[in-house]
Amino acid sequence: MITLRTIRRRTALKGTVGALLGLASSRALKAEEPLSPEMFGARGDGRSNDTLAFTLLAEAIDQRGGGHIVLNTGSVYVVGLQTRAHAGAPGYAYQPARLLEFSDLRYGLVVEGNGATIRAAAGLRYGSFDRVTGKPHVHVMPFLDISTIAEPYGAMIAVARSNGPIVIRNVTLDGNAGAMQIGSGYGDTGIQISGSGIFLRDNRNDEIIENVHTHDHPQDGMMIDGLDDEDLASTVVRRARNVRCENNGRQGCSLVGGRSWRFEKCAFNRTGRAALSSAPSAGFDIEAEGGKINRGHRFVDCEFIDNAANGMVADSGDSADCHFLQCHFVGTTSWSLWSAKPYFRFQRCLIVGTAVRPFGDVDPERATQFVECLFTDNPALSPNGKVYREDRSDGPLFDLSDEQNILFDRCKMLCVAGAVLPWSTRAIYRDCTMRQGFASTGYPRGTYEGRSTIVGKVALYGSNFPGSVIVNGQVYEP
């Protein structure tokens with residue numbers, strides 16, 4: 001990170017750093033007074049670069065051990081500066097300036113946006129660059145030479161290891177990735193370099209994010225790397241409400257560790273659809289990393305729509321016990337849903353486009369369960385009329401492979417545009433309504449409990465019928 005010593009040498013910026021530092025000591029460090037970027041020289045006019053003011057504001061919060069940041073209503077703060085390294089110097093090729101990034105706060109942090117926007121400056125570099133020529137570095141992937149990294153910002157707002165509560169609300173975080181200079185890839189695939197809207201790590205108190213639009217970042221709209229502390233999870237609030245993560249490059253949100261987050265009325269849409277796309281390119285990725293776990297997360301009235309890859313993916317790391325209530329998943333060019341972890345539950349959800357890789361288990365309680373969900377290929381429910389069917393017109397609504405004990409309880413499966421019913425061999429269908437056409441064959445095989453109805457051309461060989469099923473008017477009973 002850029003230091004105050006480095007900033008003091010940056011005379012090209014308007015205003016004198018000495019005067020701003022004097023302002024910080026005389027006014028901004030009064031513990032009872034909220035801080036604003038304007039106290040440190042920010043203009044918020046959408047044209048002037050306010051990076052210096054944000055860096056000084058962050059230093060003032062550090063000195064307090066926490067605090068309250070207030071942005072000006074309607075202001076647009078342009079931020080982001082990069083220092084280019086000399087040919088033989090250590091570190092990144094283009095090092096970012098510090099924005100609102102904090103660690104080890106004693107008293108926590110409140111960021112009150114008041115409807116303001118923090119926008120990345122145009123022209124920032126992101127990716128791998130030759131530090132001599134300034135052009136994208138030429139190499140093959142994977143590639144891990146940090147001396148070529150150009151990072152526009154670590155995160156616009158980042159808080160790590162805070163002992164006090166964190167509140168971020170009423171703000172737009174605009175990564176402006178479409179105006180960046182995009183370099184070559186870095187990492188295993190794509191560009192795996194920092195550049196996210198919000199990053200929360202190992203905080204020990206409440207974490208609340210409300211009314212935030214975090215979009216067009218080259219990396220993630222949000223990244224959450226929480227503590228694995230069951231006792232702590234039962235006493236703190238971890239909530240995101242009315243948060244929209246859209247048009248980001250790698251993920252809408254990466255949840256790489258933690259317990260008991262609750263997401264309400266959030267949107268994780270169009271990842272990989274704007275300036276760039278880096279794997280996994282999902283709307284939401286539940287992927288425990290670094291020896292951590294994911295447990296007990298809840299999603300209510302959320303949407304995962306039109307992402308370059310999966311709407312929601314849970315495939316690696318120690319993740320389990322995630323519930324989705326009244327959520328919308330729409331896959332337009334890739335799977336709507338990929339839930340390969342135990343104890344995942346979906347209730348009254350809408351799933352448009354092929355879902356894949358549920359978690360099957362000999363213990364039905366561990367297997368994925370769907371209750372009162374609607375599965376369909378109806379293009380009217382897609383924002384662009386596209387619906388993913390595994391790259392064929394008669395792809396299945398769900399590809400379960402041979403996973404066992406996946407439960408569909410009182411679900412509707414309606415194929416209206418050429419798709420067929422789920423491919424399964426050992427699923428459980430209980431009181432379901434299923435309909436497809438007669439041109440292609442569907443294979444919704446498994447155990448039928450209760451009373452289900454099927455219309456369409458299907459093959460049910462190998463199925464069990466402890467309940468009854470009506471197939472094109474013919475009744476099959478025990």
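Numbering of residues begins at 1 and proceeds along the displayed sequence. Quick note: numbers below take in every heavy atom, side chains included, and nothing from hydrogens, waters or symmetry partners.
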Original post:
How long is the span from the CG atom in Leu81 to the OG1 atom in Thr55, to the nearest 0.5 Å?
Top reply: 7.5 Å
Subject >> Residue pair Pro466 / Thr447, side-chain heavy-atom distance below 4.5 Å >> reply: yes
Original post:
Could Arg270 and Asp306 be called an ion pair, given the rule that one side-chain N must be under 4.0 Å from one carboxylate O?
Top reply: yes
Original post:
Is Asn248 reaching over with its side chain to a backbone N or O of Asp216, donor-acceptor style, under 3.5 angstrom?
Top reply: yes
Original post:
Only one of Asp318, Leu255, Ile224 clears side-chain contact (heavy atoms from CB on, under 4.5 Å) with Asn294; which?
Top reply: Leu255
Original post:
What distance separates Asn405 CG from Arg426 CZ, expressed to the nearest 0.5 Å?
Top reply: 8.0 Å
**OP:** Taking the side chain as every heavy atom from C-beta outward, state whether Met180 and Pro218 have any atom pair closer than 4.5 Å.
**Re:** yes
Original post:
Does any N or O in the side chain of Thr189 come within less than 3.5 Å of the main-chain N or O of Ala279, such that one atom is a donor and the other an acceptor?
Top reply: no
Original post:
Taking the inter-plane angle between the rings of Tyr153 and His217 on a 0 to 90° scale, is it parallel (under 30°), tilted (30 to 60°) or perpendicular (over 60°)?
Top reply: perpendicular
Subject >> Within 6.0 Å of CZ in Arg295, more than 12 heavy atoms from elsewhere >> reply: yes
**OP:** Start with the C-alpha distance between Glu38 and Asn72, add both sets of side-chain angles, then the distance that settles side-chain contact (heavy atoms from CB on, under 4.5 Å), and finish with yes or no.
**Re:** CA-CA 8 Å; Glu38 285 76 10; Asn72 191 39; 3.5 Å; yes
Original post:
With side chains defined as the heavy atoms from C-beta onward, is the minimum distance between Leu109 and Ile61 less than 4.5 Å?
Top reply: yes
Original post:
Does the side chain of Arg273 pick up a donor-acceptor pair with the side chain of Thr333 at under 3.5 Å?
Top reply: yes
Subject >> Shortest non-hydrogen separation from Ile198 to Leu200 and the atoms involved >> reply: CG2-CG, 4.0 Å
Original post:
Do Asp174 and Ile118 have side-chain heavy atoms sitting under 4.5 Å apart?
Top reply: no
Original post:
Under the side-chain contact (heavy atoms from CB on, under 4.5 Å) criterion, do Phe299 and Leu325 qualify, and how do the steps go?
Top reply: CA-CA 6 Å; Phe299 300 78; Leu325 175 64; over 6 Å; no
Original post:
Which atom pair, heavy atoms only, marks the closest approach of Ser382 to Thr332?
Top reply: OG-CG2, 3.5 Å
Original post:
According to the salt bridge (charged side-chain N to carboxylate O under 4.0 Å, His left out) rule, which pairs have a member within residues 319-333, sequence neighbours left out?
Top reply: Arg298-Asp321
Original post:
Between Asp220 (side chain) and Gln251 (backbone), is there a donor-acceptor pair under 3.5 Å?
Top reply: yes
Subject >> Spacing of OG belonging to Ser339 relative to CD1 belonging to Ile406, to within rounding of 0.5 Å >> reply: 7.5 Å
**OP:** Would you give the length of the straight line joining atom OG of Ser128 to atom CD1 of Ile146, rounded to the nearest 0.5 angstrom?
**Re:** 11.5 Å
Original post:
Does the side chain of Val70 come within less than 4.5 Å of Leu35's, by heavy atoms?
Top reply: no
Original post:
Checking His297 side chain against Trp261 main chain: does a donor-acceptor pair fall under 3.5 Å?
Top reply: yes
Original post:
Using the ring of each side chain (for Trp, its six-membered ring), is Phe263 parallel, tilted or perpendicular to Phe268, with breaks at 30° and 60°?
Top reply: perpendicular
Subject >> Spacing of Leu400 atom CG and Thr368 atom OG1 [to the nearest 0.5 Å] >> reply: 8.5 Å
**OP:** Answer yes or no: is there a side-chain heavy-atom contact under 4.5 Å between Leu381 and Thr376?
**Re:** yes
**OP:** Inspect the contact between Asp229 and Arg259 and indicate whether a charged nitrogen and a carboxylate oxygen are less than 4.0 angstrom apart.
**Re:** no
Subject >> Shortest non-hydrogen contact from Asn378 toward Val387 >> reply: O-CG2, 4.0 Å
**OP:** Verify the distance criterion only: is there a donor paired with an acceptor across the side chains of Asn49 and Thr51 at less than 3.5 Å?
**Re:** yes
Original post:
Are any of the side-chain nitrogens in Arg430 or Glu449 under 4.0 Å away from the carboxylate oxygens of its partner?
Top reply: yes
**OP:** Would you mind listing every salt bridge (charged side-chain N to carboxylate O under 4.0 Å, His left out) that reaches into residues 332-346, with sequence neighbours excluded?
**Re:** Arg345-Glu365
Original post:
Is the distance between the ring centroids of Phe54 and Tyr77 under 6.0 Å?
Top reply: yes
Subject >> Nearest atoms (heavy-atom pairs only) where Pro342 meets Ser319 >> reply: CD-O, 3.7 Å
**OP:** Starting at NE2 of His215, measure out to OG1 of Thr271 and round the result to the nearest 0.5 Å.
**Re:** 13.5 Å
**OP:** Could you label the plane-to-plane angle of the Tyr186 and Phe143 rings as parallel, tilted or perpendicular, counting under 30° as parallel and over 60° as perpendicular?
**Re:** perpendicular
Original post:
Given Tyr94 and Tyr126, is the ring pair (Phe, Tyr, Trp, His ring centres under 6.0 Å) satisfied, shown in steps?
Top reply: CA-CA 9 Å; Tyr94 291 84; Tyr126 182 72; over 10 Å; no
Original post:
Can you find a heavy atom in the side chain of Thr214 that is under 4.5 Å from one in the side chain of Arg244?
Top reply: no
**OP:** Could you tell me whether Glu210 and Arg239 make a salt bridge, using a distance below 4.0 angstrom between a side-chain N and a carboxylate O?
**Re:** yes
**OP:** Flag the pair Arg238 and Asp206 as a salt bridge only when some basic side-chain nitrogen lies within less than 4.0 angstrom of an acidic carboxylate oxygen.
**Re:** no
Subject >> Side-chain donor-acceptor contact under 3.5 Å, Glu246 with His213 >> reply: yes
Original post:
Pick from Phe284, Tyr388, Phe324, Phe375: which one makes a ring-ring contact (aromatic ring centres under 6.0 Å, His included) with Phe329?
Top reply: Phe324
Original post:
Is there a donor-acceptor pair closer than 3.5 Å between any side-chain N or O of Asp45 and the backbone N or O of Ser48?
Top reply: yes
**OP:** Over 60° means perpendicular and under 30° means parallel, so classify the ring planes of Phe408 and Phe398, tilted if in between.
**Re:** perpendicular
Original post:
Looking at residues at least two apart in the chain, or sitting in another chain, which of them share a ring pair (Phe, Tyr, Trp, His ring centres under 6.0 Å) with Trp338?
Top reply: Trp335
Original post:
Is there a donor-acceptor contact under 3.5 Å from the side chain of Ser196 to the main chain of Ala155?
Top reply: no
Subject >> Val243 versus Ala240, closest heavy-atom pair with distance >> reply: CG2-CB, 4.0 Å
**OP:** Under the salt bridge (charged side-chain N to carboxylate O under 4.0 Å, His left out) rule, what do Arg161 and Asp104 come out as? Steps first, then yes or no, please.
**Re:** CA-CA 5 Å; Arg161 301 182 303 277; Asp104 302 297; 2.9 Å; yes
Subject >> Donor-acceptor under 3.5 Å (Asn269 side chain, Ile305 main chain) >> reply: yes
Original post:
Ring centres of Tyr343 and Phe359 under 6.0 Å apart?
Top reply: no
**OP:** Mind listing the closest non-hydrogen atom pair of Arg410 and Cys432 along with its distance?
**Re:** N-SG, 4.2 Å
**OP:** Verify, without hydrogens or angle tests, whether Lys292 (side chain) and Asp228 (backbone) share a donor-acceptor contact under 3.5 angstrom.
**Re:** no
Subject >> Heavy-atom neighbours of Glu289 CD exceed 12 at 6.0 Å >> reply: yes
Original post:
Taking the six-membered ring of Phe346, is the NZ or CZ of Arg348 close enough (under 6.0 Å from the centre) and on axis enough (within 45°)?
Top reply: no
Subject >> Test: Asp62 and Arg98 ion pair at under 4.0 Å >> reply: yes
Subject >> Glu112 side chain vs Asn114 backbone, donor-acceptor pair below 3.5 Å >> reply: yes
Subject >> Donor-acceptor contact present, side-chain Asp50 to main-chain Arg43, <3.5 Å >> reply: yes
